Amino acid sequence: FERRVPFYMGANAGKSKIGRFFRKGPRHVIRAVPQYFNWLCSDRHGNFSSQRMTNVFKFMLKNYRLNKTYESLAVAPVSGEKFIYFALHAQPERSTSPQAGVFVDQLLAIQMLDYVLPPEWKIYVKDHPVQTAVGREISFYRELAAIPSVRIIKKAVDSHELVRNSVAVATCNGNVGLEAVLDNKP
């Protein structure tokens with residue numbers, strides 16, 4: 001089997017139209033900001049909406065806080081440690097709601113895994129790269145970090161390396177499970 005890499009993790013990651021736009025230079029970006037702001041804060045008829053502007057800024061602030069909390073709790077993998085890799089799904093998403101059944105609550109799945117693991121093993125949990133504040137709360141990460149065997153892993157760590165170095169992979173549904181099967185991981 002040929003190793004397949006999702007588009008957001010491949011060689012072209014960060015080389016999107018948006019990336020090219022920002023590489024054109026600061027003047028180009030500064031000129032585009034008012035147009036983007038106007039588009040972002042306008043209703044579908046093109047009329048400026050202060051309520052929409054408020055909602056956009058609230059969402060941006062919530063995303064910022066969510067990412068800061070994740071990164072403050074995240075660590076790098078520990079070499080030589082026995083671990084099960086658990087890749088969180090973006091939520092809301094079809095692969096967890098309804099296909100994962102009761103495990104739409106991914107915290108429940110991790111808590112159950114923690115309950116049956118030997119004490120010296122860890123659960124390496126890494127969030128989905130595109131997760132936003134739409135389906136995740138800051139309290140989720142805090143509850144996750146409170147589980148003794150859980151290590152929240154930095155988003156910059158390669159998922160393929162985590163699969164390769166793990167003892168096993170746990171998932172509710174999705175690509176990571178298939179990648180684990182192709183790597184002969186339970």
Side-chain angles (χ1 to χ4, degrees), residues 1-11 13-14 59 61-186:
F1 289 95
E2 179 184 330
R3 181 175 279 292
R4 301 230 175 224
V5 178
F7 74 92
Y8 51 83
M9 294 172 63
F59 180 72
L61 183 61
K62 190 174 179 184
N63 265 341
Y64 174 78
R65 288 180 178 155
L66 186 79
N67 286 326
K68 282 300 230 184
T69 301
Y70 182 89
E71 289 304 320
S72 72
L73 297 170
V75 296
V78 176
S79 181
E81 190 169 56
K82 285 186 176 184
F83 68 93
I84 293 181
Y85 174 45
F86 192 102
L88 291 172
H89 295 277
Q91 286 188 307
E93 183 182 65
R94 184 180 63 87
S95 68
T96 52
S97 348
Q99 287 182 337
V102 69
F103 297 115
V104 67
D105 178 5
Q106 295 179 84
L107 191 58
L108 173 65
I110 294 167
Q111 288 168 334
M112 291 174 72
L113 191 58
D114 173 61
Y115 183 76
V116 298
L117 273 184
E120 67 275 3
W121 285 30
K122 297 293 180 191
I123 304 169
Y124 281 15
V125 178
K126 183 179 168 199
D127 205 356
H128 195 281
V130 297
Q131 180 63 51
T132 65
V134 169
R136 193 90 78 221
E137 294 289 329
I138 290 172
S139 60
F140 175 83
Y141 296 130
R142 291 193 178 125
E143 288 179 52
L144 200 57
I147 300 172
S149 65
V150 167
R151 288 195 197 279
I152 297 174
I153 301 299
K154 293 187 177 293
K155 287 184 180 180
V157 175
D158 183 23
S159 292
H160 294 98
E161 284 297 314
L162 291 171
V163 169
R164 219 171 291 121
N165 296 328
S166 68
V167 174
V169 174
T171 183
C172 299
N173 199 359
N175 289 345
V176 172
L178 181 59
E179 290 171 16
V181 168
L182 294 175
D183 275 348
N184 296 317
K185 292 287 180 177

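As the structure is a computational prediction, the values presented were derived from the model and not from experiment. Every heavy atom of this structure was used, including side-chain atoms; hydrogens, water molecules and symmetry mates were not.
- The number of heavy-atom neighbours closer than 6.0 Å to CZ of Phe59, taken from other residues, nucleotides and ligands shown, is above 12.
- In this view, Lys154 and Glu71, Ala74, Val157 satisfy the side chain to side chain contact (heavy atoms under 4.5 Å, CB included) rule, not counting sequence neighbours.
- Distance check: Asn165 CG to Asp158 CG gives 9.5 Å after rounding to the nearest 0.5 Å.
- Partners of Ser139 according to the side chain to side chain contact (heavy atoms under 4.5 Å, CB included) rule, which considers only residues two or more places apart in sequence or in another chain, are Glu137, Glu143.
- Sorted by first and then second residue, the pairs that involve residues 116-125 and meet side chain to side chain donor-acceptor pair (under 3.5 Å), not counting sequence neighbours, are Glu81-Tyr124.
- Applying the ring pair (Phe, Tyr, Trp, His ring centres under 6.0 Å) criterion to Phe140, with sequence neighbours excluded, gives no partner residue.
- When the side chain to side chain contact (heavy atoms under 4.5 Å, CB included) test is applied to Ser149, the partners found at least two apart in sequence or on another chain are Asp114, Ile123, Ile147.
- Annotation: the span from Leu73 atom CG to Ile153 atom CD1 amounts to 12.0 Å, rounded to 0.5 Å.
- Note that CG of Leu113 and CZ of Phe86 are 7.5 Å apart. Values are rounded to the nearest 0.5 Å.
- With contacts defined as side-chain heavy-atom distances shorter than 4.5 Å, the pair Leu88/Arg136 qualifies.
- Proximity of a side-chain donor or acceptor of Gln106 to a complementary backbone N or O of His89 within less than 3.5 Å is detected.
- Side chain of Lys185 to backbone of Arg164: a donor-acceptor contact under 3.5 angstrom is found.
- Scanning both residues, Pro77 and Leu162, for their nearest heavy atoms gives CG-CD2, 4.0 Å.
- Here the OG1-CD distance, from Thr171 to Glu179, works out to 10.0 Å after rounding to the nearest 0.5 Å.
- Remark: Leu61 pairs with Arg65 by the side chain to side chain contact (heavy atoms under 4.5 Å, CB included) rule, at least two apart or across chains.
- In this structure, the side chains of Lys155 and Tyr70 come closer than 4.5 Å at one or more pairs of heavy atoms.
- Side-chain contact annotation: Tyr85 with Ser159, donor-acceptor N/O pair under 3.5 Å present.
- Pairing each heavy atom of Val125 with each of Leu144, the nearest pair is CG1-CD2, 3.7 Å.
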